[in-house]
Q: 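Before I ask anything, here is the structure I am working with.
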There are 2 protein chains.
Amino acid sequence: MVSVVQAEAMLTIGRLASYAGVTIRAVRHYHQIGLLREPERDASGYRTYDAAAVVRLIRIRTLAEAGVPLARVRALLDADPETFTAATTEIDRQLRAQIRALQEHRRRIARLGCGDSLAVPEEVVDYLERLRAIGAPAALVEAERDAWILMAARWPAAIPAIMAEKVAQLANPAVVRLYQLIGRIAENWRDEELLRETADLMSELFEQAAASGELDRQDEIMPDAAFIRLMDSFADAAHPAVARLRELVAERGWTGWTRVERRDP
Amino acid sequence: MVSVVQAEAMLTIGRLASYAGVTIRAVRHYHQIGLLREPERDASGYRTYDAAAVVRLIRIRTLAEAGVPLARVRALLDADPETFTAATTEIDRQLRAQIRALQEHRRRIARLGCGDSLAVPEEVVDYLERLRAIGAPAALVEAERDAWILMAARWPAAIPAIMAEKVAQLANPAVVRLYQLIGRIAENWRDEELLRETADLMSELFEQAAASGELDRQDEIMPDAAFIRLMDSFADAAHPAVARLRELVAERGWTGWTRVERRDP
DNA sequence: ATGCGGGGTTGACGCTGCGTCAGGGTCAAG
DNA sequence: CTTGACCCTGACGCAGCGTCAACCCCGCAT
């Protein structure tokens, strides 16, 4: 008679799942990976569960919802209290790490949201703003942005110092004039007169930089010839005027572009 | 000549990946899903990348690391500022939700860590503690715990009220005596004398409960005959003495176990 | 008897974002 | 000529199920 009572109290997979608050598919998955014992079947092949299965399933669900990987759930369910406590401590550590990572993501997303700063460090964003402010053409600012993305990827640590220097340079009226000339080149890049004037100005600025020791510092900061060539080719690809300017500047005794050096005699 | 410079500045997939800070496998994956254009190949079939690919790859990485699903990255990379801002706002919402969920997990894990509260609501943990305190045998406490896991799964909202009632009952000296008798049954469950004494006491308690209207409230709280049968079968499975006690209690005019009713005449 | 709706059964593919073989070819250096 | 560090394609694997497909079973209304 007891067995009759039990038979009446048996559950189908659907009722088991709904009592435990999981999907039928999840229950079968747990069977597959051996988390939950396959129960007896009735005459027509249906799985027949008892109350103990509900309890075990709820335990599984509790751990799984707490973010415990199923592989660990198996061990945890049959663990002694000490092992269990140790494991939960460990899992809590992982959860904290995940939360920190997500918060970091939020910070980055927030930074992305404001302005064109996709993948660009803050200092560079600031510098680009100032470039726009002194009237540099939009296309140049975009090209600069991409170039600094590359630089920041290669030497992230050097970016703050370089940017500080760049921003300081913008106080130099000659530099401002340079960007204004570039603005005019953007409108008419076949004007040889204009290009020559710009090259003269650049040559002058390089002279100043050499005198202040800036060019030597560049060599220290960027000791990777292959990467410098990459940056140069990137500049060349940005606009045809760049190649012409490089020629003109070379005539005035300077080689390179990303990293400028006085040409050996 | 420009093309020679470009050729020299071309990158293999490995150098591209290292500049952008991703794995080679990731780059190939982005090719596969169309996030990054497949570049030209050299004579031996190697992919040859330019600097622009590095920039695009860094953009992809930035978004991906910020937790943006790759499917969205594709759209975001070419989006106008408004769409972009809207999307980042949306993504930030999702991140917040994820963080909240993980924090909830941490809370739960923390609760799991202390004591036997795996999947048991707090109120029940408290009640089980008190049961132990009055000397209930460990096996009974475990059985009770599992039974309350089931109850909490079926009627979570009712648990606080039920537990308050249960705790209050423990102030009744007769109830304390009941659990002490059960403790003795746990040691020798074939002692008919003891079982009879226990059944008498239970009958008496049921009488009190019926008088105070508790039994009627039970009917309201648990209107699910099939589930009640499940709980009963669970109790029967817990210990052979349960079945015998049910018989003896039935002789005294009570049917059921999880939900007790005066037997119809 | 028959049809219907709502259970159940197994099996297999899909999703994310790559990691990780397997089984090759290429390139520069010793 | 070998070695080691690259590159190539193709394919499986991972967690945790969701979601068909194609079929069986049961109770109820017709």
Side-chain angles (χ1 to χ4, degrees), chain A residues 7-8 10-36 38-49 53 57 59-77 91 94-95 98 101-102 105 226, chain B residues 7-8 10-36 38-49 53 57 59-77 91 94-95 98 101-102 105 226:
Chain A
E8 267 179 38
M10 292 315 253
L11 303 170
T12 64
I13 196 170
R15 289 165 60 54
L16 168 78
S18 83
Y19 282 149
V22 303
T23 64
I24 293 178
R25 184 62 182 85
V27 175
R28 292 206 263 245
H29 182 60
Y30 299 154
H31 286 320
Q32 238 180 351
I33 64 176
L35 252 186
L36 194 63
E38 279 270 5
E40 306 290 303
R41 309 295 184 105
D42 68 8
S44 55
Y46 288 17
R47 294 175 178 85
T48 55
Y49 298 91
L57 187 49
R59 285 226 179 80
I60 293 171
R61 190 196 71 171
T62 306
L63 287 169
E65 282 186 348
V68 181
L70 295 187
R72 294 194 118 190
V73 169
R74 177 162 38 249
L76 275 185
L77 281 179
I91 288 164
Q94 291 180 4
L95 283 179
Q98 281 186 41
L102 285 183
H105 287 171
Chain B
E8 268 178 35
M10 291 316 254
L11 303 171
T12 64
I13 196 170
R15 287 163 59 54
L16 168 78
S18 85
Y19 281 148
V22 304
T23 64
I24 293 177
R25 184 61 181 87
V27 175
R28 291 206 264 248
H29 183 59
Y30 298 154
H31 285 320
Q32 237 180 354
I33 64 175
L35 252 187
L36 194 62
E38 277 272 4
E40 307 290 301
R41 307 296 183 107
D42 70 8
S44 54
Y46 289 16
R47 295 176 177 85
T48 55
Y49 298 90
L57 187 49
R59 285 228 178 80
I60 294 171
R61 189 196 72 172
T62 306
L63 286 169
E65 282 185 348
V68 182
L70 294 188
R72 294 194 118 192
V73 169
R74 175 161 40 249
L76 275 185
L77 282 180
I91 289 164
Q94 290 179 4
L95 282 179
Q98 279 185 41
L102 284 183
H105 288 169

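We name chains A, B, ... by the order of the sequence lines, and we start the count at 1 in each one.
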Q: Measure from CD on B/E65 to C1' on C/dG17 and round the result to the nearest Å.
A: 13 Å
Q: Please determine, for the side chain of A/R28, which listed nucleotide (D/dC7, C/dC18, C/dT9) has the closest atom?
A: C/dT9
Q: Nearest 0.5 angstrom please: A/I24 CD1 to A/T12 OG1, how far?
A: 7.5 Å
Q: Using OP1 and OP2 only, check whether a side-chain N or O of A/R72 sits under 4.0 Å from D/dA15.
A: no
Q: Would you say the base of C/dG17 and the side-chain of B/Y30 have a donor-acceptor pair closer than 3.5 Å?
A: no
Q: Rounding to an integer number of Å, can you tell me how far B/L35 CG sits from C/dG17 P?
A: 9 Å
Q: Got a second to check how far B/I13's CD1 is from B/T23's OG1, nearest 0.5 Å?
A: 9.0 Å
Q: Tell me which of B/Y49 and A/T23 sits closer to the 5' end of DNA chain D, going by the nucleotide each one is nearest to.
A: B/Y49
Q: Applying a 4.0 Å non-hydrogen cut-off, can you work out what B/I24 is touching in the nucleic acid: base, sugar-phosphate, or nothing?
A: sugar-phosphate
Q: Could you check which of D/dT9, D/dC17, D/dG16 has an atom nearest any side-chain atom of A/A26?
A: D/dC17
Q: When you match B/S44 and B/V27 each to their closest nucleotide on DNA chain C, which lands nearer the 5' end?
A: B/V27
Q: So for A/R25 and D/dT19, does any side-chain atom that can act as donor or acceptor lie under 3.5 Å from a complementary atom in the base?
A: yes
Q: C/dC18 P sits how many Å from B/L57 CG, rounded?
A: 11 Å
Q: Please report the distance, rounded to the nearest Å, between NE2 in B/H31 and P in D/dC7.
A: 12 Å
Q: Round to a whole Å and report the spacing from CD of B/Q32 to C1' of D/dA11.
A: 10 Å
Q: Provide, to the nearest angstrom, the distance between the CG atom belonging to B/L70 and the P atom belonging to C/dG17.
A: 4 Å
Q: Would one find a side-chain N or O of B/T12 under 4.0 angstrom from OP1 or OP2 of D/dC6?
A: no
Q: Atom CG of A/L36 and atom P of D/dG16: how far apart are they, to the nearest Å?
A: 15 Å
Q: Going from OH on A/Y49 to CD on A/E38, what distance comes out if it is rounded to the nearest 0.5 angstrom?
A: 6.0 Å
Q: Base, sugar-phosphate, or nothing: which does B/I13 touch, judged by heavy atoms less than 4.0 Å apart?
A: sugar-phosphate
Q: Should B/R47 be listed as having a side-chain N or O under 4.0 Å from OP1 or OP2 of D/dT9?
A: yes
Q: Please report, rounded to the nearest Å, how far the C1' atom of D/dT9 is from the CD atom of B/E38.
A: 11 Å
Q: Taking the minimum atom-to-atom distance to the side chain of A/Y46, which one of D/dC7, C/dT9, D/dT9 wins?
A: C/dT9
Q: Can you check side chain to side chain contact (heavy atoms under 4.5 Å, CB included) on B/I33 and B/H29, steps first, answer last?
A: CA-CA 6 Å; B/I33 64 175; B/H29 183 59; 4.0 Å; yes
Q: Nearest 0.5 Å, what's the CG-CG distance between A/L57 and A/L35?
A: 9.5 Å
